[in-house]
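Working notes, structure below.
All chains are named by letter (A, B, ...) in the order of the sequence lines, taking the proteins before the strands, and each is independently numbered beginning at 1. FYI, side chains are in, hydrogens and waters are out, and symmetry mates aren't considered; it's all heavy atoms of this structure.
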Number of protein chains: 2
Amino acid sequence: MYMEPNSTTENRIKEAARKIFIKKGLAGARMQEIADEAKINKAMLHYYYRNKEQLFKKIFEEVAAEFVPKIFSILGEDRPLEVKVQDFVSHYLDMLTRNPFLPLFVLSELRSQPEFFENAVGIKRSGILEKLAVQLKAEAKAGHIKPISPANFMANLMSLSIFPFLAQPMLQLIFSMNTQEFKNFIEERKQLIPQFIMSSLKT
Amino acid sequence: MYMEPNSTTENRIKEAARKIFIKKGLAGARMQEIADEAKINKAMLHYYYRNKEQLFKKIFEEVAAEFVPKIFSILGEDRPLEVKVQDFVSHYLDMLTRNPFLPLFVLSELRSQPEFFENAVGIKRSGILEKLAVQLKAEAKAGHIKPISPANFMANLMSLSIFPFLAQPMLQLIFSMNTQEFKNFIEERKQLIPQFIMSSLKT
DNA sequence: AAATAGTTTAACCAAATGGTTAAAATTACG
DNA sequence: CGTAATTTTAACCATTTGGTTAAACTATTT
């Protein structure tokens, strides 16, 4: 009889695959390593997911789906710009502190598999960008901020929030930070980034 | 007799290896593919470089060495902060427009091989960071800018300049840009990023 | 309990891949 | 020229790797 795909085995596979793929990427990951990590027979990987690519695709889509949509849900809310920026920064810096490898994983594989992404995330269809555009235009017209395009606004916000995690090893090396000091550095930026953004938009 | 390592073959190997490694990373690259790209026999790869890792190491060090030091040389100059920011942004946005895959390559492999980096780049030994710290402190004391740590200053500058290239596929997807439009976007940011940075530092 | 469907295992396989080798071709040079 | 050193090639090798298979095991159903 058919069974919901909820068995312990399948969950173990997913957790293991997620861990290994995120650390080593599609090309670098070994099916045997995933099986070992999940403490199951390698054949089970092929039993539940046809092959490496299928397994990877599943994991990537799940990771992308938990990484990206929040960007838009926060920016699409009906609140003052400053509050949304604070929410965004606070949420992502927390999330990335817990999962510091996610950005590199997503961006690396996105480079070679852009099509995975389009499906995994329903971006274009949501009118959120237009909403943000309207807000930015309104605030500019009201003289609260300088004019700025949504693309530049989002690029700045995402850059300042995400890049430090991508460059973590480099930053730690350059500024002689240990891991705890890096965490403090990020914690500090939770305050600083919204200040940077809002200051830079002052008329 | 011994010959300078300058033969056409060796250069072909280096160019090919660079291209393939940057596109696919260490794990994703195939020695045969590099040989094909260089139009030489695969055995030549092992004749000039002992093995895949050696070849990769050589390429990575060269790439890192042309990617990183300029960061410090520009920021270490004896010029006004605003000029240095403009120089930095202008230089890197040009360079990355020509080599958009470099950052992802460097940061990806840096994550798994941090030791390559320390050797490849003589960062710590140069007193440039101290110099920047002094300048930031002086400008703050003189009331020209808000106080900011060198780490935050550099993180902001690098984030705003480099991240868009890492996220290029995502940005193009979200904002429906084709490649030319993305180039225009970057061109526009050559002006905008220095403005952002300096505005955000206004007292 | 017998039959059936679903799950797990161990052994196996073919292709891909990094690497080697020995001989051939080419170049340097007394 | 002739000999030694260097470069290049083709064939080969061992291991790794993704994937398969058939049998054993475990529920589930009737």
Can you measure [X] atom [atom1] to [N] atom [atom2] for me and round it to whole angstrom units?
X	N	atom1	atom2	value
Tyr48(A)	dT20(D)	OH	P	17 Å
Lys52(A)	dT20(D)	NZ	P	15 Å
Tyr47(A)	dT8(C)	OH	C1'	9 Å
Arg12(B)	dT8(D)	CZ	C1'	12 Å
His46(B)	dT8(D)	NE2	P	16 Å
Asn11(A)	dT7(C)	CG	P	13 Å
Tyr49(A)	dG19(D)	OH	C1'	17 Å

Output a table of donor-acceptor pairs, distance under 3.5 Å, between side-chain atoms of residues 159-168 of chain A and any protein atom two or more places apart or on a different chain; print 'none' if there are none.
residue, atom, partner, partner atom, Å
Ser159(A), OG, Ala155(A), O, 2.5
Ser161(A), OG, Leu157(A), O, 2.9

Sequence neighbours excluded, the answer for ring-ring contact (aromatic ring centres under 6.0 Å, His included) partners of Phe105(B) is Phe56(B), Phe60(B)
Sequence neighbours excluded, every pair satisfying salt bridge (Lys or Arg N to Asp or Glu O under 4.0 Å) that has a member inside residues 84-103 of chain B
Arg79(B)-Asp87(B), Asp94(B)-Lys190(B)
Salt bridge (Lys or Arg N to Asp or Glu O under 4.0 Å): pairs with one or both residues in residues 18-29 of chain A, sequence neighbours excluded:
Arg18(A)-Glu66(A), Lys19(A)-Glu37(A), Lys24(A)-Glu33(A)
Near-strand residues of residues 14-35 of chain B, defined as heavy-atom separation under 4.0 angstrom from DNA chain C
Ala29(B), Arg30(B), Met31(B)
Detail all sub-3.5 Å separations between protein N/O atoms and N/O atoms belonging to nucleotides 22-25 of chain D.
none

With sequence neighbours excluded, what pairs up with Lys52(A) under the salt bridge (Lys or Arg N to Asp or Glu O under 4.0 Å) test?
none
For Ala43(A), enumerate each residue passing the side chain to side chain contact (heavy atoms under 4.5 Å, CB included) test, keeping only those at least two apart in sequence or located in another chain.
Asn41(A)
Got a sec, which residues hit side chain to side chain contact (heavy atoms under 4.5 Å, CB included) with Gln191(B), two or more places apart in sequence or on another chain?
Gln195(B)
Pairwise N/O distances under 3.5 Å, protein to nucleotides 9-15 of chain C:
residue, atom, partner, partner atom, Å
dA10(C), N7, Asn41(A), ND2, 3.2

Do Lys146(B) and Ser199(A) have side-chain N/O donor and acceptor atoms under 3.5 Å apart?
yes
Contacts of Ser112(A) that satisfy side-chain hydrogen bond (donor to acceptor under 3.5 Å, both in side chains) - sequence neighbours left out:
none
Could I get the full list of side-chain hydrogen bond (donor to acceptor under 3.5 Å, both in side chains) partners for Glu139(A), not counting sequence neighbours?
His144(A)
Looking at Thr9(B), does any N or O in its side chain come under 4.0 Å of the phosphate oxygens OP1/OP2 on dT8(D)?
yes
Just to verify, which of Gln54(B), Glu10(B), Lys14(B) counts as forming a side-chain hydrogen bond (donor to acceptor under 3.5 Å, both in side chains) with Tyr49(B)?
Glu10(B)
